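Written below as structure tokens is the structure these notes are about.
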Amino acid sequence: MTTALKTSQHIVLKAIFGSTMSANWPERISAFLRSPSQFLCSTTSDIFLAEVLHELRDDRASDQIKVLLLSPLLEHPTLLCPSVSVGEETALELMSVFAQCSPKSLPLRCNVLLALTSVLLCSCCVSSHTSASQDFLDLLLQMAQDTNDAQAGAALHPLRTTACDCLRELEACLPGLLSQRLELLSSLRQQENSRLHQAYTGLHALALRNAVYLLTQQKGAGAGDLKAALGSNEGFVWGEGADSAHPNSVSHSDLALFSPLTLGPMGKVPSLQTGLDCKELRSLLSSLLEESYLLTSLSQAALLRCLVEVLAMVPAVSPTIFRAQLLRLLGTCKVCLLHTTLLMKAAFTDSLFSAEDEAFLLKRLVGLSQHPLLSTPEKLFYMDCILHFPENRPISSGDESLPVLLTPRLAAALVPTVFNDSVSMLARLNLLSLVYLEEGEEDREGQGGRGLAYLYDHLTSLLRIVENQASREMVVTFFRASFLFLLHFCHVERYSEDLSQKLCDLYLRRTQLAPHFINLADRTQDRLEESGWAVALLRGLQRTITEAPLSQLTLQDLRWHLRILARVAEEGEVLQRATLNFLLCVITSSSSALCVSGDWRLGNGVLGVCRRLLLHPSLDSLLTPLADLLQHLTCHYGETDIQDHARLYYTLLTTLSQEKLAGVLAQRGTERGRQAKVRSLSAIMGETEELTSGLTVHQTERPLLRLVKLDKHEPDECKPEHKPDSEPACETESSPGQGGIEDYRAQFESSSFASEITLQYHLTHTGVHDPHFDKLFSIRLHFDLTDGHYEEVSDISVPCLFRTRKPPTVRLRLKPKQPYHTTLRASAIFTTEDGLSWHSPLADLHVAFPEVFLPLLAPLGWAREKKQRVFEGIWGEICSEQSEGDLTNAATSLFCDQLEESAVGELVEKHFQRYLVSDLDKGRCKVLFFLPPQSHVLLKVITEEDAVQVHIATDNWKLLPYINSYLEDITKEIHSTQQVNGDV
């Protein structure tokens, strides 16, 4: 088995820098929490995590600093611990920190427990059943079993509270984890007499609910299984263990989706058939309900919710067990408890709630919905509960259906007034509209129809407020109220027609409300497809605008009129002669200063109306006046751009048939009488219109291209030139050849020297075969960085890609700022044979750490001996205790592994061949990695009997963790190869 010596020198170096870092930890943590991605541009998550863990182990750091250091692990555990292995190593370090903490450091110990929970859950260590998660769960249960602080004393009370919270979080994220510990949890709950009884109760109820659900997913489970589960105390149910023990059970990831279970009648909930023998469960539920009085409102709600779901899954236990709680729940003023009561009613209906209970609960909701002492959000919540009231015997099921018991008389307390806030007013209006609609009051006269008449009077009151320069909030409220009224009573002609007329009068007084009128017409037309009210409103607005005296028309009003008329022109049912006459009068009038002013926005507004008229079904009858209007704009309007567009429209109108004209200008087609956007190759557009489909980059539904990595280098054919002398691994040479080093370092004076690495890929199609994309042209590959370790990557152009031809080679050039691994997000823009442009994402490109390696970049003509002198010179400077200058980050390390001499030869040939400074001789060789921009990693490989020693020296100590990981990976690969060969 491979064994690796972790770099103690690396830890020592971090200890050296620790004193300088400790002073600015608050600033560094604040910077990380403010923007983790920006912070990690200057370092890596591995290095930052190592520094944090090292500082946590430092006895000189205060508890306040250590609590601060835990915040990144609490807030961003997945960023710092992205894999199971990293998560487990971090958890072991935190367990060590917890063990070393002083018993008096309660805040620190509590935060360490929370950090351990976050790390183990977010790195999937618990679901992977790692040893660290097992040890942590044992530790939590051990602390939880100290009921009433009998052993550790009351001083450790907060620590036990945190332990219970951690256990509940683990059970919530991995349902069923504690399902084999129900007997222990029940015992702890019964023994606990302090305020922690609430935490034990919540944990026990959650574990019970999840355990029962697990049983419902097992075929053939019954009363015996339930009894065994209630009395079990055998360990933990891990994800693998649950799946292997019960092949038909769901996985933990699926279990996380089943909450809540009781959103509807009990028939939809999975059930456990236990017969009548459920005394143990009934006794346990009674005990939990009796203790619920001791809990806070939120804890009571959570407990009752779990118990409701347990009873819903075990039909043998009657819901009447909750009967004793109903009197208290029906009279509660707590939102959470009342909501739980409604969930209980939805689950058990008339098997628990009588008709009198139902009527009382509905009356209470109505009273709370208008209670003056409650806040607006609470009253809105109660009104929403009325709209979704779970009846004992529902007649209809819909998104919003009123209960039968909600009569107009009962709902009269919720009639809207102008003194209500906007949100409450709209909610009340919607509720009362549904009430009167259910009662059929729109067909009644006299006393029976007063409710609907009141709602319409309320709407007209809002209209009068809007007429008198109301605030923007009131304007929006009025139009929303109008929409709600029309949504329910648009078929009542005496009200809908009168409202349409009042809206037209309002528009003349406040033309700046034109966007609201257009939006009201659009939304009404969308929701009421069969109603003609929106068209009638637009026709009325057209009549209002065209019949108004021109002497009172201002340029500001004209701007809004043009927007309304452009919307009216989209309706094929509305005649447009009046619109054209109005525009001709405005444009050609001798008193009009519009053409002389040359206002571009007004001219564009006129052209917008004209453009929609060109697509109108009655264009033949509008041909002459529309041509006159466009010709007048072409000749007399004082803005060149407007003249050009008018001339173009005039040319199209007079030279193309109606069908061809529609084909050229049909950026919009007809949908429900309105013109909806369709694709076109035309670039003729108004001020606010989008480009047509031919000028749009479309998005593919799935990735169509991929980059397949090629072998980075061809095999080298290097012959040994000489046999190097044997020397100690970290012994400084007496004559290192400084001249060679000086010549070598002189190359770095050029900023572009060895600053890039080149990776090669084949650009190919993915497995998705769509003939439309078999031939691609003008492909532009774009790459986005995910960190700050590299310079921005330039786009790459590929002329074409045919599925039937050899894939082109793409050379990706990266310029590192720091020599670390990275991930690039790639995408492509290309053109298909039909001329359309498409955008498609590609799979992320992962640049591994070894791909950054380059061999020693020596000047041309250098002999092998001179390269060796450079190697020895750099090695000597790194090893020397008196090294100065730029090598302050220098470090050495040692890696050991059990490899025979033949395996070492295979290792060197396969992984080190390009980087050899001296060939392998007598089990020894020298390797040099150059990592742009200016880092070096030097290796001396020495074979001793059945083991190999790799002495490491580098001028950048931050690379040591990556070098160790790289050496572990390649030696594991050699071991695997030898094992396969041995088996053969």
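Quantities reported herein were computed from a predicted structural model and do not represent experimental measurements. Nothing fancy with the numbering, it's 1 onward along the sequence.
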In chain order, what residues pass the side-chain hydrogen bond (donor to acceptor under 3.5 Å, both in side chains) check against [X], with sequence neighbours excluded?
| X | answer |
| --- | --- |
| Thr655 | none |
| Glu493 | none |
| Glu473 | Ser422 |
| Asn519 | Arg523 |

Sequence neighbours excluded, which residues qualify as salt bridge (charged side-chain N to carboxylate O under 4.0 Å, His left out) partners of [X]?
| X | value |
| --- | --- |
| Arg825 | none |
| Arg509 | Glu467 |
| Arg34 | none |

Taking ring pair (Phe, Tyr, Trp, His ring centres under 6.0 Å) as the definition, give me every residue that meets it alongside [X], ordered by chain and number, with sequence neighbours left out.
| X | result |
| --- | --- |
| Phe485 | Tyr456, Phe489 |
| His371 | none |
| Phe479 | His516, Phe517 |

For residues 633-640, please give each side-chain donor-acceptor pair under 3.5 Å, one per line with the distance, not counting sequence neighbours.
from	atom 1	to	atom 2	distance (Å)
Thr634	OG1	Leu630	O	2.8
Thr634	OG1	Arg647	N	3.3
His636	ND1	His632	O	3.3
His636	ND1	His632	ND1	3.4
Tyr637	OH	Asp599	N	3.4
Tyr637	OH	Asp599	O	2.4
Tyr637	OH	Gly603	N	3.1
Glu639	OE1	Asp641	N	2.8
Glu639	OE1	Ile642	N	3.2

Give a yes or no answer on whether the side chain of Arg567 reaches the backbone of Arg563 with a donor-acceptor pair at less than 3.5 Å.
-> no
Which donor-acceptor pairs under 3.5 Å do the side chains of residues 617-627 make with protein atoms, sequence neighbours left out?
from	atom 1	to	atom 2	distance (Å)
Ser618	OG	His616	ND1	2.8
Ser621	OG	Ser618	O	2.8

Check the pair Glu571 / Arg539 against salt bridge (Lys or Arg N to Asp or Glu O under 4.0 Å), numbers first and verdict last.
-> CA-CA 9 Å; Glu571 297 298 334; Arg539 187 181 289 113; over 6 Å; no
